[in-house]
K.L.:
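First the structure, then my questions, so here it is.
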Amino acid sequence: MLKVKLPDGSVREYSRPVRPIDVAEEIGPRLAKATLAAEVDGQVVDSVTPLPESGEATLKLLTRKDPEALRIMRHSCAHVMARAVMRLFDNVQLAFGPTIENGFYYDFDMPHKLSEEDFPKIEAEMAKIVRDDEEFERIEVPRDEAVKICRDLAQTLKVEHIASGLADERTLSFYRQGEFLDLCRGRHIPSAGAIGAFKLLSVAGAYWKGDASRQQLQRLYGTAWFTKEELDKYLAMIEEAKRRDHRVLGKQLELFTVSPLVGQGLVLWLPRGAIIRGQLEAFVRDELIKRGYEPVYTPNIGRVELYQISGHYPYYADSQFKPIEMEEGERYLLKPMNCPHHVMIYRSKPRSYRDLPVRLAEFGTVYRYEKSGELGGMTRVRGFTQDDAHIFCTEEQVGDEFRQCIAMAQLVLRTLGLDDYRVRLGFRDPASDKYVGKAESWAKAEAAIERVARDMNLPGCTPELGEAAFYGPKIDFVVTDCIGREWQLGTVQLDYNLPSEDRFALEYIGPDNKPHRPVMIHRAPLGSMERFIGVLIEHFAGAFPLWLAPEQARVLTVTEKAEEYGRGVEQNLRAEGLRVSGDYRAEKLGAKIRDAQLKLIPYMFVVGERDAAAGTVSVRDRLEGDLGAMPVAAAIDKLKAEVAAKTIRQVVKTTAGLGERGESNEY
RNA sequence: GCUAGCGUAGCUCAAUCGGCAGAGCGGCUGAUUUGUAAUCAGCAGGUUGUGGGUUCAAGUCCCUCCGCUAGCUCCA
């Protein structure tokens with residue numbers, strides 16, 4: 001006897017073997033038709049997976065209204081795509097085909113080089129498969145037999161995966177759809193007909209099992225939705241997101257440029273972009289002073305020996321610009337990090353426990369030779385400036401200092417309306433040898449970080465192994481760009497290693513008149529100015545809040561008769577510290593307004609003969625439109641108040657969500 | 001670095017099968033004097049990313065290099 005509890009609270013009893021689809025059928029044929037999968041006691045299963053024979057089970061039938069059903073359908077669509085590819089091309093080896101945030105992909109190893117030209121015929125074949133509406137049939141077999149099946153199908157990647165990735169599984173499952181049989185954990189929709197609308201998006205290379213030393217596969221990306229309308233809406237959203245890409249807006253709004261002649265990944269800040277950066281730097285600098293940091297300046301190069309001590313060289317040699325070779329074997333490195341220089345400032349004199357914490361801050365420009373394929377826009381570059389600082393403190397001060405660093409990073413993000421971030425705890429991967437320092441130091445540091453994260457209630461941060469810096473664990477603030485990629489912005493890192501005996505052997509004299517070892521904290525609330533502002537451009541879709549806007553206001557004259565008055569107003573505003581320009585062209589007002597609106601200028605000061613006579617300006621708000629005439633002084637006060645408050649009036653929250661935050665690989 | 005795609009005026013893009021390199025915006029000049037999202041006219045602007053090849057003829061086809069884009073790998 002089985003008791004089945006449904007979400008509405010009703011209970012059904014069965015004395016015969018029963019599947020979710022049978023329960024649905026009993027409730028109504030329409031529901032049965034709509035049922036794509038089921039959730040039994042919180043576990044997602046196929047609609048035809050038998051329920052337990054006795055006891056109690058809570059059952060939820062999943063239809064296209066449930067997000068989980070959408071993910072399952074997309075995975076089924078990945079199978080349909082793989083089936084189509086195998087029909088169209090010879091010698092196709094299947095690898096992995098999981099769902100991702102808004103779609104799916106499948107990796108293939110095959111002789112034919114896929115390109116976008118192949119998409120229409122693959123899509124046509126997929127449409128045929130969907131139209132045929134064949135069932136997905138689950139088959140479970142012992143692992144020996146699974147190996148045999150994959151061998152018989154000449155699917156060598158699957159054979160390898162059973163031996164390595166699935167070494168612990170006793171039975172393995174396959175899904176069959178017509179002639180297509182694929183090793184797969186599932187789940188799947190009952191039949192292909194439920195796939196409403198799909199589209200192939202791109203093809204790219206991907207290494208088998210993420211290992212760059214192994215063969216490169218061809219990865220086909222697609223998206224699928226239950227209806228054509230949803231698909232179209234999604235595609236429109238991607239288009240919209242591309243329009244606010246910081247590379248597009250950076251060009252349009254003249255914020256930055258990159259010249260191949262200067263070098264790949266080396267950002268040239270144009271005057272308008274430089275204003276934004278300058279304002280942000282001033283904001284951060286003020287905060288640092290309030291928090292007891294001391295500004296320092298250090299050079300852009302340092303001797304290789306310095307980085308040998310720190311461990312950066314030769315460990316990161318292949319992502320550094322090659323050393324500059326001087327006579328007599330002297331070699332200099334463009335600095336890849338600021339910490340060794342700051343360490344040398346700490347070491348420039350004996351330190352007492354009374355001096356600690358020592359907090360050394362610098363907008364330090366560093367250079368890293370990122371591989372060419374990784375560069376892009378402002379988010380991944382070869383030269384960038386960190387809002388860097390290093391804190392040298394006692395063991396006892398670590399907790400407080402670390403907390404304050406996180407609080408400052410949070411303040412900065414909050415001030416900019418960037419509340420859509422996730423916090424990542426980067427711990428070391430014990431299996432890797434890329435870290436320096438003793439296991440005890442690491443354990444101590446990781447425990448300290450975890451404690452702070454818990455105390456501060458940081459949202460959703462579970463430790464991620466392998467995400468640590470080579471010298472210590474860290475907390476990163478991670479945001480998503482307009483096309484769904486994640487970027488690390490702010491970071492706070494705890495370091496027991498650079499101060500250690502093996503590295504820089506830092507000391508301070510304690511109250512006991514004996515030398516002690518300080519602890520180091522590396523921190524940068526913005527991270528890199530380049531990346532941060534790249535993300536910020538997309539966050540505001542180019543429409544910066546007044547305090548950051550390169551051009552805060554523009555004086556627009558109605559006719560040339562008001563030019564003299566207009567120029568006076570412009571001077572007035574400039575004298576009050578506002579960033580202002582004037583449009584005195586012999587254009588109609590409407591045209592001047594349009595130009596200013598398109599340049600995303602927050603305020604327009606319209607002046608005509610009426611204003612000249614009354615000593616007013618007619619203020620036009622970029623968002624609200626015409627606010628009417630007001631005395632010039634009142635307008636200035638209004639803007640100054642908004643600047644002082646750092647008011648955020650408009651941000652963009654959506655991303656196109658092409659990101660990887662989906663399921664783990666279905667096999 | 002790897003796989004795929006792309007590179008035409010300052011910007012966005014067009015150019016049929018290999019057959020005289022074009023448009024809009026922007027810029028400059030002139031006319032117009034206009035009160036809340038585009039006034040009209042004229043002019044200038046190009047070694048089609050680079051170097052080579054095929055051809056009577058190359059923006060278009062082939063090769064090299066440079067750069068950009070997506071993804072993979074990496075990211076102190």
K.L.:
Under the side-chain contact (heavy atoms from CB on, under 4.5 Å) test, which residues partner A:A596, sequence neighbours left out?
P.N.:
A:R554, A:I601, A:M604
K.L.:
What is the separation between atom CG on A:D109 and atom P on B:rC2, rounded to the nearest whole Å?
P.N.:
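Checked: the CG to P distance equals 18 Å.
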K.L.:
Where each residue is assigned the nucleotide of RNA chain B containing its nearest heavy atom, which of A:K113 and A:D595 is assigned the position nearer the 5′ end?
P.N.:
A:K113
K.L.:
What is the separation between atom CG on A:D318 and atom C1' on B:rC75, rounded to the nearest whole Å?
P.N.:
11 Å
K.L.:
Any donor-acceptor pair under 3.5 Å linking the side-chain atoms of A:Q264 with those of A:S372?
P.N.:
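Note: A:S372 and A:Q264 side chains miss the donor-acceptor criterion.
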K.L.:
Please compare A:W487 and A:S202 by the position of their nearest nucleotide in RNA chain B and report the one closer to 5'.
P.N.:
A:S202
K.L.:
Would you mind classifying the nucleic acid contact of A:G263 as base, sugar-phosphate or nothing, using non-hydrogen atoms under 4.0 angstrom?
P.N.:
nothing
K.L.:
So, is A:Q264 near the phosphate of B:rC66, with a side-chain N or O under 4.0 Å from OP1 or OP2?
P.N.:
no
K.L.:
So, for A:K599 and A:E254, which heavy atoms are closest and what is the spacing to 0.1 Å?
P.N.:
NZ-OE2, 4.4 Å
K.L.:
Could you pull out all residues at least two apart from A:W269 that satisfy ring-ring contact (aromatic ring centres under 6.0 Å, His included)?
P.N.:
none
K.L.:
Using a 4.0 Å heavy-atom cut-off, does A:Y471 contact any base of the nucleic acid, only the sugar-phosphate backbone, or nothing at all?
P.N.:
sugar-phosphate
K.L.:
Using a 4.0 Å heavy-atom cut-off across all strands, classify A:E254 as base, sugar-phosphate, or nothing.
P.N.:
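If one applies the 4.0 Å heavy-atom cut-off, A:E254 turns out to touch nothing in the nucleic acid.
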K.L.:
Taking only the P atom of each, what is the distance from B:rA14 to B:rC61 in whole angstrom?
P.N.:
15 Å
K.L.:
Say whether A:S500 and A:K438, considering side chains only, have a donor N or O and an acceptor N or O under 3.5 Å apart.
P.N.:
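No, no side-chain donor-acceptor pair sits under 3.5 Å.
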K.L.:
Would you measure the distance from the P atom in B:rU16 across to the matching atom in B:rA58 and give it in whole Å?
P.N.:
16 Å
K.L.:
Rounded to the nearest Å, what distance is computed from the CH2 atom of residue A:W208 to the C1' atom of nucleotide B:rU3?
P.N.:
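A:W208 atom CH2 is separated from B:rU3 atom C1' by 17 Å.
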K.L.:
Give A:S319 one of three labels, base, sugar-phosphate or nothing, depending on what nucleic acid heavy atoms sit under 4.0 Å from its own.
P.N.:
base
K.L.:
For the side chain of A:Y207 and the base of B:rG1, is some donor closer than 3.5 Å to an acceptor across the two?
P.N.:
yes
K.L.:
What is the nucleic acid contact for A:L114, judged by heavy atoms within less than 4.0 Å: base, sugar-phosphate only, or nothing?
P.N.:
sugar-phosphate
K.L.:
Identify whether any heavy atom of A:K335 sits under 4.0 Å from a base atom; if not, whether one sits that close to sugar-phosphate; answer base, sugar-phosphate or nothing.
P.N.:
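Contact class for A:K335: none.
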K.L.:
With heavy atoms under 4.0 Å as the rule, sort A:L556 into base, sugar-phosphate or nothing.
P.N.:
nothing
K.L.:
Counting primed atoms plus P, OP1 and OP2 as sugar-phosphate and everything else as base, spell out the protein contacts along nucleotides 34-43 of chain B at 4.0 Å heavy-atom distance: B, S or - for each nucleotide, 5' to 3'.
P.N.:
BBBBBB----
K.L.:
How far, in whole Å, is B:rU64 from B:rC6 if one measures between their P atoms?
P.N.:
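Taking atom P in both B:rC6 and B:rU64, they lie 15 Å apart.
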K.L.:
Counting side-chain heavy atoms from CB outward, which of B:rA76, B:rU33, B:rA70 is closest to A:E560?
P.N.:
B:rU33
K.L.:
Among side-chain atoms of A:Q93 and A:T156, is any donor-acceptor pair under 3.5 angstrom?
P.N.:
yes
K.L.:
Name all residues meeting the ring-ring contact (aromatic ring centres under 6.0 Å, His included) criterion together with A:H522; count only those two or more places apart in sequence or in a different chain, and write none if there are none.
P.N.:
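Expected list: A:H390, A:Y471.
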K.L.:
Pick base, sugar-phosphate or nothing for A:G373, based on heavy-atom distances below 4.0 Å to the nucleic acid.
P.N.:
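If one applies the 4.0 Å heavy-atom cut-off, A:G373 turns out to touch a base.
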K.L.:
Is the A:W208 to A:F96 ring centre distance short of 6.0 Å?
P.N.:
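Yes - the distance between ring centres of A:W208 and A:F96 falls below the 6.0 Å cut-off.
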K.L.:
Does A:R247 make a side-chain N or O approach to OP1 or OP2 of B:rA70 shorter than 4.0 Å?
P.N.:
yes
K.L.:
Of the candidate nucleotides B:rG1, B:rA70, B:rA76, which contains the atom at the shortest distance from the side chain of A:H312?
P.N.:
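Among B:rG1, B:rA70, B:rA76, the one nearest the side chain of A:H312 is B:rA76.
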K.L.:
Closer than 4.0 Å, any side-chain N/O of A:R214 to the OP1 or OP2 of B:rC2?
P.N.:
no
K.L.:
Take atom C1' in B:rU29 and the same atom in B:rA15, then report the distance between them in whole Å.
P.N.:
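So the two C1' atoms sit 30 Å from each other.
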K.L.:
Under 4.0 Å, counting only non-hydrogen atoms across every strand here, what does A:E374 touch: a base, just sugar-phosphate, or nothing?
P.N.:
base
K.L.:
If you look at every heavy atom in A:A553 and A:L639, which pair is closest and at what distance?
P.N.:
CB-CD2, 4.1 Å
K.L.:
Should stems be defined as at least three consecutive Watson-Crick or G-U pairs with both distances under 3.5 angstrom, which of them involve RNA chain B?
P.N.:
B:1-7 with B:66-72, B:10-13 with B:22-25, B:27-31 with B:39-43, B:51-53 with B:61-63
K.L.:
Spell out yes or no: do the side chain of A:R380 and the base of B:rC75 have one donor N/O and one acceptor N/O closer than 3.5 Å?
P.N.:
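It does, because a donor-acceptor pair links the side chain of A:R380 to the base of B:rC75 below 3.5 Å.
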K.L.:
May I have the distance from A:Q252 (atom CD) to B:rG26 (atom P), rounded to whole angstrom?
P.N.:
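Nearest whole value for this atom pair: 14 Å.
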K.L.:
When you compare B:rU60 with B:rG19, how far apart are their P atoms, in angstrom units rounded to a whole number?
P.N.:
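Roughly 11 Å separates the two P atoms.
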K.L.:
Please give the distance between the C1' atoms of B:rU73 and B:rU3 as a whole number of Å.
P.N.:
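These two C1' atoms come out 12 Å apart once rounded.
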K.L.:
Kindly say whether the aromatic ring centers of A:F108 and A:Y106 come within a distance under 6.0 Å.
P.N.:
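A:F108 vs A:Y106: aromatic centres under 6.0 Å.
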K.L.:
B:rG46 and B:rC40: how far apart are their P atoms, nearest whole angstrom?
P.N.:
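Here B:rG46 and B:rC40 have their P atoms 26 Å from each other.
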K.L.:
Identify which nucleotide among B:rA76, B:rG5, B:rC74 has an atom closest to any side-chain atom of A:S115, counting heavy atoms from C-beta outward.
P.N.:
B:rG5
K.L.:
Could you measure between the two C1' atoms, the one in B:rG67 and the one in B:rG49, and give it in whole Å?
P.N.:
7 Å
K.L.:
For a quick check, tell me whether the side chain of A:Q216 and the base of B:rC2 share a donor-acceptor pair closer than 3.5 Å.
P.N.:
yes
K.L.:
Return the stacking result for B:rA76 and A:F470: yes when the ring centres lie under 5.5 Å apart and the planes under 30°, no otherwise.
P.N.:
no
K.L.:
When you measure from the side chain of A:Q320, which nucleotide among B:rG71, B:rA76, B:rU12 comes out closest?
P.N.:
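Taking heavy atoms from C-beta onward, the closest nucleotide is B:rA76.
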K.L.:
Would you confirm whether A:H246, through its side chain, and A:M378, through its main-chain N or O, come within 3.5 Å as a donor-acceptor pair?
P.N.:
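Indeed, once roles are kept as given, a pair shorter than 3.5 Å links the two residues.
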K.L.:
Provide the closest heavy-atom pair for A:H161 versus A:K209 in the form atom of the first, atom of the second, distance.
P.N.:
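In terms of heavy atoms, the two residues are closest at ND1-NZ, 2.8 Å.
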K.L.:
What's A:K242 touching, base or sugar-phosphate or nothing? Going by heavy atoms closer than 4.0 Å.
P.N.:
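A:K242: no heavy atom of the nucleic acid under 4.0 Å.
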K.L.:
By salt bridge (Lys or Arg N to Asp or Glu O under 4.0 Å), which residues pair with A:E570, not counting sequence neighbours?
P.N.:
A:R574
K.L.:
Distance check needed: B:rG26 P versus A:R585 CZ, whole Å only.
P.N.:
8 Å
